[in-house]
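Read the structure below first, then the notes.
Per chain, numbering begins at 1; letters A, B, ... match sequence-line order. Atoms considered below: every heavy atom in the structure, side chains included; atoms not considered: hydrogens, waters and symmetry mates.
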Amino acid sequence: MNRIEKVFQNLHQHNEKAFVPYIMAGDGSLETLAEKITFLEKAGATAIEIGIPFSDPVADGPVIQQAGIRALEAGTTLRSVLAKVAEIRPIVHIPLIFMTYMNPIMAYGIGNFISEASKSGIDGLILPDVPLEEEEMIAPIADRAGIEIIRLVTLTSPLERISAIASKGKGFLYAVTVNGITGARKEFKDELGRHLEKVKDVSPIPVLAGFGISEPEHVKEMNQHCDGVIVGSKIIELFQSGELAKIEELIASSKIEEIKL
Amino acid sequence: MNAAYTLPDERGHFGEYGGRYVPETLMQAILELEEEYRKAQADEGFQEELQALLKDYVGRETPLYFAENLTKYTGGAKIYLKREDLNHTGAHKINNSLGQALLALRMGKRKVVAETGAGQHGVATATACALLNLECIIFMGEEDIKRQQLNVFRMELLGAKVVGVNSGSATLKDAVNEALRYWVTNVEDTHYILGSVMGPHPFPMIVRDFQSVIGNETKEQYHEKEGKLPDAVVACIGGGSNSMGMFYPFIKDESVRMIGVEAAGLGTDTEKHAASLTKGTPGVLHGALMYLLQDEHGQIQEAHSISAGLDYPGVGPEHSYLKDSGRAEYESITDDEALDALKLLCKMEGIIPALESSHAVAYALKLAPQMNKEEGLVVCLSGRGDKDVETVRARLGGNGE
């Protein structure tokens, strides 16, 4: 069984929620990657999304764009990230998931990339510019290598489509919580809770909410409607400003059981 | 290539190229756009409305002009100019902007977003939006804003909001990124009027179809004048919309050479060019698989051209397919060659071409002498050069030489 499935099975048994932080590989040099990953694991992260920088990240807001530019300026490449992850993997127990765009993978060679990612101990892959219609070129190869494609559903996806996407998935379903790009939001649409519950209804796999989540209150709110959260831009900002205690606080907010009246 | 050319396929692919590489948030919008477009194609009312606007508002059909002086000067094939520069707003871009603005209305979307490079597509879109009472926001690279100040002011006069883009090279590529991000965020009430034959399916098909009026008219007009098909059609390529509009009606006429002219900037042996088909490799950008200028790690490289409209590191998926299949030929022209062609056309024919179109003119000047006098070629003069006069003056030091 893939590490992602195992970790969710475990959460389910203990009635806990997932917290998946996102970091950009090579932001602040690739040498800091091990340190960040072990810190996040210790703070209670369920799994970690590792971003691989791309020059034209259309799904990302300013914070992740800037992190990507810093990483590229530091000379980060897909090849160097794969090597670094292979080095770190033995000391990390939680699932590691790559998030990147299609072009760096195509330039590397899809087959080569999947085989080396698998050897490096990568458990999942998120490609925000590869919808269901185009995944044929990579999903079957990833599947054979035991790497789970984490698919996204959004507020604009009709329920039938959500259902079709969810039924293909194995690890978890990534429910995008806003119309828009990544980056902290102050508030979410009122109907978001209902939307997440509808997604959960049709999804055979756990549903995690992501995009815009930046405060412990958001985490608690989302967790009432789904199986956990993904937090990217805020984690990057807090690493940037060195506010590690706030990262711990954010992750801890997903562990606190809501008192139900 | 034969009479069976029916691309794109139902999944929006031209061979391996094209497709729909977009965030899931946009999928519903592009599926809806495709459906609405197919309905509009079959709807006589829509077609009549568009035709009426193209005739009475844009001023179509545009002339097919025999450039006699230029022909004598080059001493080879007859050179004809398809005068898209005489369209309202000064370029071919309006053909597509009007069509898509009408589609937006059909879809009940009253807000429009667009990217622009040289500003021609931005001006055309702002114009269509003013006419049809749509709200309009245009993303434009800061570098291009500097090069095309007058077009920025034109767009604002027409009621559009122009937003400068500072990321990356601050040119067309980055304007497309920002327009896509804006569209993802506002997709429920906003239509994206993409300006070239690029982006996710169905855009390459829609833009090609709306621009095909260029090639269709050319074919008819050339037949009237010469009683046959032209031997070659030549057009410049940034994303590739005027060239695709010129080529598409000729794809099945295998005797017609179709030649796309890319911007070689300072030279294709330097790093300062925009020749994606000549020097690039296939990859995914802005929603489609196509030829791109990229490094070995798949990072997109900055393009360079003296003309803002060709300054793009990719080229539409159908051109990518036509290159591989060999049906179309692709050449490149440097900044200097384009400038020389611009000056020549001014003096010989009294026509100031856009810097973009000057690339096509420059290649025609090389091609015509290699052909015999009974043959004829058509250059798509995609836009007029008024917008470039300042750039040209700065480059030539103000004395015109």
Under 4.5 Å from any heavy atom of chain B - which part of [X]:
X	result
A:Glu135	neither
A:Arg161	side chain
A:Phe54	both
A:Ile69	neither
A:Ile105	neither
A:Leu78	neither

**Prompt:** What residue, out of B:Lys173, B:Arg11, B:Glu296, has the most heavy-atom pairs lying under 4.5 Å from chain A?
**Reply:**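 Most heavy-atom pairs within the cutoff with chain A belong to B:Lys173.
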| query | Counting heavy-atom pairs under 4.5 Å to chain A, which of B:His13, B:Glu178, B:His286 comes out on top? | reply |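 Top option by heavy-atom pairs under 4.5 Å: B:His13.
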Heavy atoms from other residues, nucleotides or ligands near [atom1] of [X] exceed 12 (cutoff 6.0 Å):
X	atom1	result
A:Arg79	CZ	no
A:Glu197	CD	yes
B:Gln41	CD	yes
A:Asp190	CG	no
B:Lys272	NZ	no

Problem set entry | When A:Asp56, A:Leu127, A:Thr77, A:Ile165 are compared by non-hydrogen pairs under 4.5 Å with chain B, the top option |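 If we count pairs closer than 4.5 Å to chain B, A:Asp56 comes out on top.
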Q. Pick from A:Gly180, A:Pro158, A:Ala107, A:Pro128: which one has the most heavy-atom pairs with chain B under 4.5 Å?
A.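 Maximum pair count with chain B is reached by A:Gly180.
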**Asked** Does a side-chain N-to-carboxylate-O contact under 4.0 Å join B:Glu24 and A:Arg151?
**Response**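 A salt bridge is absent here (no side-chain N lies under 4.0 Å from a carboxylate O).
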Under a 4.5 Å heavy-atom cut-off, does chain A meet the side chain of B:Leu285, its backbone, both or neither?
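For B:Leu285, the side chain is the part near chain A, not the backbone.
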For B:Gln294, is it the side chain, the backbone, both, or neither that has a heavy atom closer than 4.5 Å to a heavy atom of chain A?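 Interface part for B:Gln294: side chain.
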So do [Y] and [X] actually touch side chain to side chain, heavy atoms under 4.5 Å?
X	Y	result
A:Met106	B:Leu289	yes
B:Arg181	A:Pro57	yes
B:Glu188	A:Thr156	yes

Out of curiosity, A:Leu152 CG to B:Met27 CE, how far, rounded to the nearest 0.5 Å?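 Rounded to the nearest 0.5 Å, the CG-CE separation comes out at 13.0 Å.
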Next on the checklist: Using 0.5 Å steps for rounding, measure from the CG atom of A:Leu155 to the CD atom of B:Gln28.
Outcome noted: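 CD of B:Gln28 is found 12.5 Å from CG of A:Leu155.
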Quiz item: Which heavy atom in B:Thr25 sits nearest to a heavy atom in A:Thr154, and how many Å separate them?
Solution: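 That would be OG1-CG2, 3.1 Å.
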For the side chain of A:Asp129 and the backbone of B:Tyr21, is there at least one donor-acceptor N/O pair under 3.5 Å apart?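 No; judged by distance alone, with no hydrogens or angles, the pair does not exist.
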*asked:* Between A:Ser55 and B:Ile300 (side chain of the first, backbone of the second, donor and acceptor by atom type, cut-off under 3.5 Å), is there such a pair?
replied: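 Yes, A:Ser55 side chain to B:Ile300 backbone: donor-acceptor pair under 3.5 Å.
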Please lay out, stage by stage, how A:Val130 and B:Val284 fare under the test side chain to side chain contact (heavy atoms under 4.5 Å, CB included).
CA-CA 10 Å; A:Val130 181; B:Val284 173; over 6 Å; no
